[in-house]
A.B. asks: 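Before I ask anything, let me first share the structure, which is written out below as structure tokens.
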Amino acid sequence: NLTTIGGGALNGHVDSSRIAWMGHSRGGEGVVLAYHRLVIGTFTPSNYDEDDVILVSSISPTMFNDVNTTNPHDVTYHLLYGAADGDVAGGPGNSWPFQLHQAAEGASQATYVQGASHNDFNCCGFGDGTGPALIGRPAVQVVTKSYYLALMEFYLNGNPAGKDYLTRNFDHFRPSGIAGNVRVANQYKDALTVPNTIIDDYQTQTGISTSSSTGPVTFSVTNVFENRMRDTNGSFSWTTTDPMNCMTQAFDPADQSRGVVFDWAAGTDAFYELEIPVAMRDFSDNIFLGLRACQGSRHPNTNALAGTLDFTVTLRDEDGTASSINFGEIGSITRPYQRGGSGSGSGWANEFNNIRLRLTDFENDASGLDLSRIEAIRFEFGPSFGSNVGRIGLDDIILTVGE
């Protein structure tokens, strides 16, 4: 219809080989379902094909289908979602859009905006925000436009600078123009086809003493628990019988996304260490040590901290030489949005944040660390290494091969 729309004003200006699909609410699920139909062949378009769809983005999507039906497959996927959503609330028993992010096999990113409601992402819906410190539609629109610009520049125009906005911690690096009171938790995962090295993604070797890469795991942190990242008891109230409380990454039974949670007492130093199998100890050809981390919402330790969380990451080589980076110098793990409801207490879904540490930065302290012979990765917590007290969840501890 390009020859007739606007008298042909767009004719010759639309590149049908670089298509981005975006949808809000039911449309947020709809664009993923539509891509799924292309993949399985139940719909065949006339003017483009599956490979022409470069990016699919869901804004506050409903989830009426399971992830076997509404599935991003290998397309680049983006989730934009508000923590104050009063419609697709993300509470116990409600739709959990993060399962789309988890199910994606292509590059996948999530932008989780504190204080943003369901209708802040559109032009004119009623105010449905539920929670404190609502930031309002104008502020949410700035966040939306900023991150869509980064997405389009990177994935459709090939501008490598766009990736930094999607992968780096919001506290340390964010688009200009976003108001100072706005808090965003960013997640990013490379496509499954990228040959990154998995240290522990908690999908295999599911005991707490062995990593996915088969190396021993030792720790002095307490209450270590590995399982699906799913709140299981229908309430966000903290209870020791539901260690994955407020986890909303794996709502659908078909989604088996797993992680680990643990905590440390106030004023106590503690560690969580993964020994690297001998065949994987050469880190020198990789670029980043990456992982995702969140605070445990409504946990007593999180309530006691009442702020952002940081800790120290240490690499140790086979000679015992160690080098450390305090993550607090380049970012922080967001405090969970202090929304009430769905049980006692305040705090909504556990907000995973990206952590990406450039491996060569571990050489900057002149310690003599040998990146070709790394024996262990140690995460160190407590007053000597970061936040005095905390409850944390970890997932996808990997070495990346690209920027």
Side-chain angles (χ1 to χ4, degrees), residues 98 110 112 169-171 183 185-187 199-202 208-209 211-212 217-231 236 238-240 242-250 257-274 289-314 324-338 345-357 377-398:
F98 283 105
Y112 190 49
N169 188 270
F170 179 82
D171 277 358
R183 294 291 176 268
N186 286 322
Q187 297 187 58
I199 305 300
D200 206 343
D201 63 1
Y202 303 96
I208 61 174
S209 299
S211 69
S212 300
V217 178
T218 56
F219 47 82
S220 63
V221 292
T222 52
N223 302 310
V224 180
F225 181 77
E226 287 189 28
N227 212 323
R228 285 180 64 210
M229 294 185 290
R230 187 195 194 287
D231 187 294
F236 277 171
W238 166 250
T239 171
T240 56
D242 186 14
M244 287 291 176
N245 190 56
C246 295
M247 284 289 189
T248 62
Q249 302 285 312
S257 299
R258 297 171 57 90
V260 67
V261 292
F262 52 79
D263 48 65
W264 61 98
T268 303
D269 290 336
F271 71 89
Y272 179 82
E273 179 174 299
L274 301 98
L289 168 62
L291 63 145
R292 297 185 296 148
C294 68
Q295 294 198 55
S297 192
R298 302 198 188 186
H299 188 275
N301 287 13
T302 300
N303 294 340
L305 179 61
T308 58
L309 182 147
D310 62 272
F311 55 91
T312 294
V313 181
T314 298
S324 300
I325 294 176
N326 186 319
F327 175 63
E329 298 176 0
I330 59 172
S332 64
I333 307 305
T334 51
R335 182 187 186 188
Y337 181 57
Q338 293 297 289
S346 297
W348 209 238
N350 295 343
E351 302 176 13
F352 275 93
N353 293 246
N354 279 348
I355 298 176
R356 284 162 65 90
L357 302 175
I377 302 170
R378 175 178 282 219
F379 301 101
E380 300 184 279
F381 307 93
S384 300
F385 303 102
S387 298
N388 184 59
V389 63
R391 168 78 167 184
I392 196 169
L394 301 180
D395 191 21
D396 291 334
I397 302 169
I398 63 172

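Only this structure's heavy atoms are used, side chains among them; waters, hydrogens and symmetry mates stay out. All values derive from a computational prediction rather than experimental measurement.
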A.B. asks: Sub-3.5 Å donor-acceptor pair from the side chain of N169 to the main-chain atoms of S332, do we have one?
C.D. replies: yes
A.B. asks: Is a side-chain N or O of N326 found less than 3.5 angstrom from the main chain of T312, in a donor-acceptor match?
C.D. replies: no
A.B. asks: Shortest non-hydrogen contact from F225 to P243?
C.D. replies: CD2-CB, 3.5 Å
A.B. asks: Counting C-beta onward and ignoring hydrogens, is there a side-chain heavy-atom pair between T240 and N223 closer than 4.5 Å?
C.D. replies: no
A.B. asks: Check the pair F98 / Y112 against ring pair (Phe, Tyr, Trp, His ring centres under 6.0 Å), numbers first and verdict last.
C.D. replies: CA-CA 10 Å; F98 283 105; Y112 190 49; 5.3 Å; yes
A.B. asks: What is the distance from atom NE2 of H299 to atom CZ of R391, rounded to the nearest 0.5 Å?
C.D. replies: 4.5 Å
A.B. asks: When you measure from the side chain of S387 to the backbone of D310, do you find a donor-acceptor pair of N or O atoms at a distance under 3.5 Å?
C.D. replies: yes
A.B. asks: Atom CZ of F271 and atom CZ of F262: how far apart are they, to the nearest 0.5 Å?
C.D. replies: 11.0 Å
A.B. asks: Could you tell me which non-hydrogen atom of V389 sits nearest to which non-hydrogen atom of A266, and how far apart they are?
C.D. replies: CG2-N, 3.6 Å
A.B. asks: Do N350 and Q295 have side chains that get closer than 4.5 Å, going by heavy atoms?
C.D. replies: no
A.B. asks: Any heavy-atom pair between the side chains of L274 and F379 that's under 4.5 Å?
C.D. replies: yes
A.B. asks: Backbone N or O of G296 within a donor-acceptor pair of the T302 side chain at under 3.5 Å?
C.D. replies: yes
A.B. asks: Donor-acceptor check, side chain of T222 to backbone of D263, threshold 3.5 angstrom: yes or no?
C.D. replies: yes
A.B. asks: Enter the distance from S212:OG to D200:CG here, rounded to the nearest 0.5 Å.
C.D. replies: 4.0 Å
A.B. asks: Is it true that T334 and E351 share a donor-acceptor pair across their side chains at a distance under 3.5 Å?
C.D. replies: yes
A.B. asks: Compare every heavy atom of G267 with every heavy atom of N388, then report the nearest pair and how far apart it is.
C.D. replies: OD1-N, 3.1 Å
A.B. asks: Taking the side chain as every heavy atom from C-beta outward, state whether D231 and D242 have any pair of such atoms under 4.5 Å apart.
C.D. replies: yes
A.B. asks: Just wondering, do E380 and W264 contact through their side chains at under 4.5 Å, heavy atoms?
C.D. replies: no
A.B. asks: If every non-hydrogen atom of S297 is compared with every non-hydrogen atom of G347, which pair is closest and at what distance?
C.D. replies: OG-C, 3.0 Å
A.B. asks: Could you walk me through whether D396 and D201 pass the side chain to side chain contact (heavy atoms under 4.5 Å, CB included) check?
C.D. replies: CA-CA 4 Å; D396 291 334; D201 63 1; 3.5 Å; yes
A.B. asks: If you round to the nearest 0.5 Å, how far is OG of S346 from CZ of F236?
C.D. replies: 12.5 Å
A.B. asks: How about T314 and F385: do any of their side-chain heavy atoms sit closer than 4.5 Å?
C.D. replies: no
A.B. asks: Where is the tightest heavy-atom contact between R228 and A250, given as atom of each residue plus distance?
C.D. replies: NH2-O, 2.8 Å
A.B. asks: Could you tell me if the side chain of V260 sits less than 4.5 Å from the side chain of I208, heavy atoms only?
C.D. replies: no
A.B. asks: Locate the shortest heavy-atom distance separating Y272 from E226; write the atom from each residue and the value.
C.D. replies: OH-OE2, 4.5 Å
A.B. asks: Looking at side-chain heavy atoms only, is the closest gap between W348 and R298 below 4.5 Å?
C.D. replies: yes
A.B. asks: Mind checking the CD1-CD1 spacing from I199 to I377? Nearest 0.5 Å is all I need.
C.D. replies: 5.0 Å
A.B. asks: When rounded to the nearest 0.5 angstrom, what distance separates CG in N227 from OH in Y202?
C.D. replies: 13.5 Å
